[in-house]
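Heads up, the thing below is written out as structure tokens.
Order of listing sets the numbers, starting from 1, for every ligand and every atom in it.
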Amino acid sequence: MLLEGQKVLITGASRGIGRATAIMCARHGADVGLNVYKDPDATADVVAEIEALGRKAFVYDGDVADATSAPAFVKGAAAALGGVTAFVSNAGICPFHSFLDMPQDVFLRTLNVNYTGAYYMCQAAANQMVEQGGGGSIIAVSSISALVGGEMQTHYTPTKAGVHSLMQSTAIALGRYGIRCNSVMPGTVATDINKDDLADPAKREYMEKRIPLGRMGHPDDIAKVVVFLASDLSSYVTGASVLTDGGMFVNLQ
Ligand SMILES: NC(=O)C1=CN([C@@H]2O[C@H](COP(=O)(O)OP(=O)(O)OC[C@H]3O[C@@H](n4cnc5c(N)ncnc54)[C@H](OP(=O)(O)O)[C@@H]3O)[C@@H](O)[C@H]2O)C=CC1
Ligand SMILES: C[C@H](O)[C@@H]1OC(=O)[C@H](O)[C@@H]1O
């Protein structure tokens, strides 16, 4: 097991990549702090899976875009689990919308959840790790969309680039405390975030044909990389990004 004795906190842990990451961290020996939002049934399911693995689970239900959520989640989890050794900023939304008529509320909500919320959460986690001493690992779930664009994602792709850049700068700011900061960049993973978009057979076929490995990602494909970045296997990795996309990014022709 790669995370024996670790205390890993994950935002957006009720579904998709966050859920898979929480369960995989527990499989690798970690106790898990789960930030969830408006999804009590899904949360109960994740907690049950974690506890069935013999690990502890702490749940904090709060909007990452609300500045009070970050200290409440981190401090609550640290008290319940006995500290924080790794933090995964995962929560995110992608309400596809055209650029020219992008409603301000859609733009601002996407920015506040995907970037501002990530900033608050990573800052709270870092302060907890500094207070504890002993270093730690902060992982932001960025995206292939940090590197390329999307016609219906003009509000979204900059937030993914933002969290990637945040990891580069926090890696510098926190290195002296032994805290590593890295991003994982998933390609396209079939989850609720893109359920409607990928319901279009033509879009789904286009995306799948771009992927040399011949399939879209599964949430576990991303969770494995997060476990690596949280573990001692990545002890000299900081300020880095791990593109995890089945080869989609490099596939021009
Ligand atoms: N799926 C993909 O193809 C890719 C995803 N990503 C990134 O991965 C991350 C996870 O996405 P994915 O698992 O696919 O999406 P899902 O929609 O499946 O899950 C998103 C999770 O984030 C939570 N969440 C949403 N808004 C908030 C909020 N304001 N506060 C707290 N939690 C919130 C959701 O909780 P609730 O259920 O209550 O809404 C849910 O648990 C995102 O950051 C996304 O940008 C990056 C590249 C590709
Ligand atoms: C929501 C998208 O389908 C998904 O999220 C991203 O970051 C990439 O754009 C993926 O395609």
Side-chain angles (χ1 to χ4, degrees), residues 9-24 33-46 59-70 72-73 88-97 108-118 120-122 139-164 166-167 183-200 203-204 206-208 210-211 215-223 225-226 241-246 248-249:
L9 274 57
I10 300 138
T11 64
S14 63
R15 291 181 291 121
I17 291 167
R19 180 185 189 281
T21 298
I23 293 166
M24 186 131 349
L34 311 169
N35 157 249
V36 296
Y37 180 53
K38 301 184 307 181
D39 216 337
D41 294 341
T43 303
D45 177 56
V46 184
V59 177
Y60 178 80
D61 189 332
D63 179 355
V64 295
D66 175 345
T68 64
S69 292
F73 175 41
V88 186
S89 176
N90 165 76
I93 59 174
C94 182
F96 287 85
H97 201 291
L108 288 172
R109 182 65 181 163
T110 304
L111 177 65
N112 288 333
V113 171
N114 293 6
Y115 183 70
T116 312
Y120 291 153
M121 284 286 179
C122 293
I139 301 138
V141 181
S142 173
S143 167
I144 187 173
S145 292
L147 309 173
V148 288
E151 180 184 355
M152 305 295 276
Q153 298 177 299
T154 56
H155 55 323
Y156 173 80
T157 60
T159 68
K160 296 288 106 176
V163 293
H164 165 56
L166 176 63
M167 291 301 99
S183 64
V184 59
M185 295 182 165
T188 297
V189 180
T191 67
D192 289 344
I193 203 170
N194 48 34
K195 189 169 53 181
D196 296 339
D197 183 55
L198 295 176
D200 171 1
K203 177 68 177 284
R204 190 177 192 96
Y206 164 74
M207 298 300 270
E208 285 174 344
R210 277 204 54 156
I211 305 170
R215 65 173 179 84
M216 283 193 207
H218 184 279
D220 276 357
D221 292 318
I222 313 309
V225 177
V226 173
S241 55
V242 183
L243 191 56
T244 312
D245 68 347
M248 183 187 249
F249 174 74

Exercise. Please step through side-chain contact (heavy atoms from CB on, under 4.5 Å) for the pair R15 and T191, ending with a clear verdict.
Key: CA-CA 8 Å; R15 291 181 291 121; T191 67; over 6 Å; no
Write none if no such pair exists; otherwise list each N/O atom of ligand 2 with its protein N/O partner under 3.5 Å and the distance.
from: ligand 2; atom 1: 3 (O); to: N194; atom 2: ND2; distance (Å): 3.2
from: ligand 2; atom 1: 5 (O); to: Y156; atom 2: OH; distance (Å): 3.3
from: ligand 2; atom 1: 7 (O); to: S143; atom 2: OG; distance (Å): 2.5
from: ligand 2; atom 1: 7 (O); to: Y156; atom 2: OH; distance (Å): 2.6
from: ligand 2; atom 1: 9 (O); to: S145; atom 2: OG; distance (Å): 2.7
from: ligand 2; atom 1: 9 (O); to: Q153; atom 2: NE2; distance (Å): 3.1
from: ligand 2; atom 1: 11 (O); to: T188; atom 2: OG1; distance (Å): 2.9

Quiz item: What atoms of ligand 1 come closer than 4.0 angstrom to any heavy atom of N194?
Solution: 1 (N), 2 (C), 3 (O)
Practice problem: Identify, for atom 11 (O) of ligand 1, the protein heavy atom at the shortest distance, and state residue, atom and that distance. | Solution: I193 CD1, 4.0 Å
Quiz prompt | Contact check, side chains of V88 and L9, non-hydrogen atoms, under 4.5 Å | solution = no
Exercise. Would you sort out whether M185 and T244 count as a side-chain contact (heavy atoms from CB on, under 4.5 Å), showing the intermediate values?
Key: CA-CA 6 Å; M185 295 182 165; T244 312; 5.9 Å; no
Exercise. Do me a favour and list the nearest non-hydrogen protein atom to atom 28 (C) of ligand 1 with residue, atom name and distance?
Key: Y37 CD2, 3.5 Å
Self-check item: Winner among S145, A140, S142 once heavy atoms are compared against atom 46 (C) of ligand 1
Solution: S142
Self-check item: C94 and Q153, any side-chain heavy atoms less than 4.5 Å apart
Solution: yes
Quiz item: Which value, rounded to the nearest 0.5 Å, describes the distance between I139 atom CD1 and S241 atom OG?
Solution: 13.5 Å
Quiz prompt | Those atoms of ligand 1 less than 4.0 Å from some heavy atom in R109 | solution = 29 (N)
Quiz item: Under 3.5 Å, N or O to N or O, is D39 touching ligand 1 that way?
Solution: yes
Quiz item: Using 4.0 Å as the upper bound for N to carboxylate O, is an ion pair formed by R19 and D192?
Solution: no
Self-check item: atom 3 (O) of ligand 1: the protein heavy-atom neighbour that sits closest, reported with distance to 0.1 Å
Solution: V189 N, 2.7 Å
Quiz item: Going by the order shown, which atoms of ligand 1 are within less than 4.0 Å of some heavy atom of D63?
Solution: 28 (C), 29 (N), 30 (N)
Quiz item: Y156 heavy atoms, cut-off 4.0 Å: which ligand 1 atoms fall inside?
Solution: 6 (N), 44 (C), 45 (O), 46 (C)
Quiz item: Nearest 0.5 Å, what's the CZ-CG distance between R204 and L198?
Solution: 5.5 Å
Quiz prompt | atom 24 (N) of ligand 1 - nearest protein heavy atom and its distance | solution = A91 CB, 4.1 Å
Quiz prompt | ligand 1 to P186 polar contact by distance, N or O atoms, under 3.5 Å | solution = no
Quiz item: Nearest protein heavy-atom contact for atom 41 (O) of ligand 1: which residue, which atom, what distance?
Solution: S14 OG, 2.7 Å
Quiz item: What is the closest protein heavy atom to atom 14 (O) of ligand 1, and at what distance does it sit?
Solution: T191 OG1, 2.6 Å
Quiz item: Has the side chain of D245 got a donor or acceptor atom that lies under 3.5 Å from a matching backbone atom of F249?
Solution: yes
Practice problem: Report the residues that fulfil side chain to side chain donor-acceptor pair (under 3.5 Å) with D200, sequence neighbours left out, ordered by chain and then residue number. | Solution: none
Quiz item: A65 to ligand 1: N or O pair under 3.5 Å?
Solution: no
Quiz item: Under 3.5 Å, side chain of N112 to main-chain N/O of L108, donor-acceptor pair present?
Solution: yes
Quiz item: Can you check whether T188 has an N/O within less than 3.5 Å of an N/O in ligand 1?
Solution: no
Practice problem: State the atoms of ligand 1, each with its element, that fall below the 4.0 Å cut-off from a heavy-atom position in V113. | Solution: 26 (N), 29 (N)
Quiz item: Where does I144 meet ligand 1, judged by heavy-atom distances below 4.0 Å: at the side chain, the backbone, both, or neither?
Solution: neither
Practice problem: Check whether any side-chain heavy atom of V163 sits under 4.5 Å from a side-chain heavy atom of Y115, and report yes or no. | Solution: yes
Quiz item: Is any side-chain heavy atom of T110 closer than 4.5 Å to a side-chain heavy atom of H97?
Solution: no
Quiz item: Counting heavy atoms only, which of R15, M121, K38 comes nearest to atom 34 (C) of ligand 1?
Solution: R15
Quiz item: Between H155 and P95, which heavy-atom pair has the shortest distance, and what is it?
Solution: NE2-O, 2.7 Å
Exercise. For residues T21 and N90, determine if any side-chain heavy atom of one lies less than 4.5 Å from a side-chain heavy atom of the other.
Key: no
Quiz item: Nearest heavy atom to atom 47 (C) of ligand 1: which of G16, A190, S143 does it belong to?
Solution: S143
Quiz item: Any luck finding a side-chain donor-acceptor pair between N35 and T11 under 3.5 Å?
Solution: no
Self-check item: Contact check, G187 vs ligand 1, heavy-atom distance below 4.0 Å
Solution: yes
Exercise. Answer side chain, backbone, both or neither: which part of K160 comes under 4.0 Å from ligand 1, heavy atoms only.
Key: side chain
Quiz item: Which residue supplies the protein heavy atom nearest to atom 22 (O) of ligand 1, what is that atom called, and how far is it?
Solution: G12 CA, 3.5 Å
Quiz item: With respect to atom 42 (C) of ligand 1, which of I93, V141, N90 exhibits the smallest heavy-atom separation?
Solution: N90
Quiz item: Measuring from L166:CG to C122:SG, what's the distance to the nearest 0.5 Å?
Solution: 5.5 Å
Practice problem: Answer yes or no: is there a side-chain heavy-atom contact under 4.5 Å between Y120 and S69? | Solution: no
Quiz prompt | Atom of P186, atom of V189 and distance for their closest heavy-atom approach | solution = CB-CG2, 4.2 Å
Quiz item: In ligand 1, which numbered atoms sit nearer than 4.0 Å to a non-hydrogen atom of N35?
Solution: 31 (C), 32 (N)
Exercise. May I ask which of V36, V184, I17, L198 has a heavy atom nearer to atom 13 (O) of ligand 1 than the others do?
Key: I17
Quiz item: To which of G62, S89, G92, G18 does the heavy atom nearest atom 20 (C) of ligand 1 belong?
Solution: G92
Quiz item: Below 3.5 angstrom, do we get any N/O pair linking V64 and ligand 1?
Solution: yes
Practice problem: Give a yes-or-no answer on whether the side chains of D39 and T43 include a donor-acceptor pair shorter than 3.5 Å. | Solution: no
